[in-house]
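Taking it in order: structure first as C-alpha cells, then the write-up.
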Amino acid sequence: MRRSSRLICGFLLLSVLLLLWPAQDHHTPSFVAESSPGTKPGGILLVTAHPDDECMFFAPTLLALLQNPHYAPHVHSLCLSTGDADGLGDSRALELERSLDLLGVMKGNRKIVNHPALRDNITTEWDAAVIGDFVWQYITEHNIKAILTFDSGGVSGHPNHKSIPQAIAALAAEMEAPFASDPSSPSPRVFTLVSEPLFKKYTGPLGAILARL
Ligand SMILES: *[C@@H]1O[C@H](CO)[C@@H](O)[C@H](O)[C@H]1NC(C)=O
C-alpha cells in the first residue's frame, strides 16, 4: 500500500474507533426527568419553517422522544409554511404528513401554517409577531411545556429558520416569564439545535470527531 493510502486508512479506522467510544452520559432533559410515570407530561412542540426540516434537522431528537412510549403521544409538530418557494407547497405539505407518519407524530398533534406573511423565501425574514401568534396559540391549546427549534444560526443560515428563535425570544419577553432556565416555570422551556460552522458540517468523520470531543 502506498504511504498516503495507509495514512487515510489509519485515519478512517481511528475515526470509527473514536465514534464508537461511549460518549459522556447525556443528562436527561429536566422536562423529561421531572414528570414521573403517573403524571401526564406536558407537550413537546417542534417548531419548523418548511416541510423536510423535521427529518433533515430534527430526526434524531424526534426519534429519541417518539421511541419512548411515555412521551410519544405528547410530541407535536408546528410547521410555519408549506414550503411553496417553487410552487410545490401542496405536495410538500403532503410529504410532511407522510414524514410525520413515519416518524410517529400523532395525527392530532400537527399543524401546518399557510399564511401570506410566512411565505417560503430564502431572501426574507418572517414577522416575529405573526410567528409569535401561531406559537402562542399552539402552546396554550396543547399544554406545551417544551419547544424544540432552530438556534439563531438556523443550521443552514436560512432567514426563515433564523426568524423562529427570534420570534420565540420576543414572545417570551412579552410574556415576562422565563422560557428557559427555570424548570418549575409554567412557561415552556426552549431547546435549540446548535448550528455548526460549515467546515465541521462538511468534513465527514473529522467533523463527527470534533462534535464528539
Ligand atoms: C422572495 O422575496 C423577494 C423579496 O421580497 C421577492 O422579490 C421574491 O419574488 C420572493 N420569492 C418568492 C419565491 O416568493
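Computation of the quantities below employed the complete heavy-atom set of this structure, encompassing side-chain atoms and omitting hydrogens, waters and symmetry-equivalent molecules. Counting starts at 1 for both ligands and their atoms, following the listed order.
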(request) Kindly indicate whether the side chain of H161, heavy atoms from C-beta on, has any atom under 4.5 Å from the side chain of L193. (result) no
(request) Could you name the protein residues that come within less than 4.0 Å of ligand 1, counting only heavy atoms, and order them by chain and residue number? (result) A85, N121, T123, T124
(message) Closer than 4.0 angstrom, basic N to acidic O: yes or no for D52 and R92?
(response) yes
(request) Identify whether the distance between the nearest side-chain nitrogen and carboxylate oxygen of R110 and E97 falls below 4.0 Å. (result) yes
(request) Determine the interplanar angle of the H50 and W126 rings, folded into 0 to 90°, and report it as parallel if under 30°, tilted if 30 to 60°, perpendicular if over 60°. (result) perpendicular
(request) Say whether W136 and V130 are linked into one hydrophobic cluster, either directly or through other cluster members, by side-chain heavy-atom distances under 4.5 angstrom. (result) yes
(message) Within the structure provided, determine whether V75 and N109 are in side-chain contact (heavy-atom separation under 4.5 Å).
(response) no
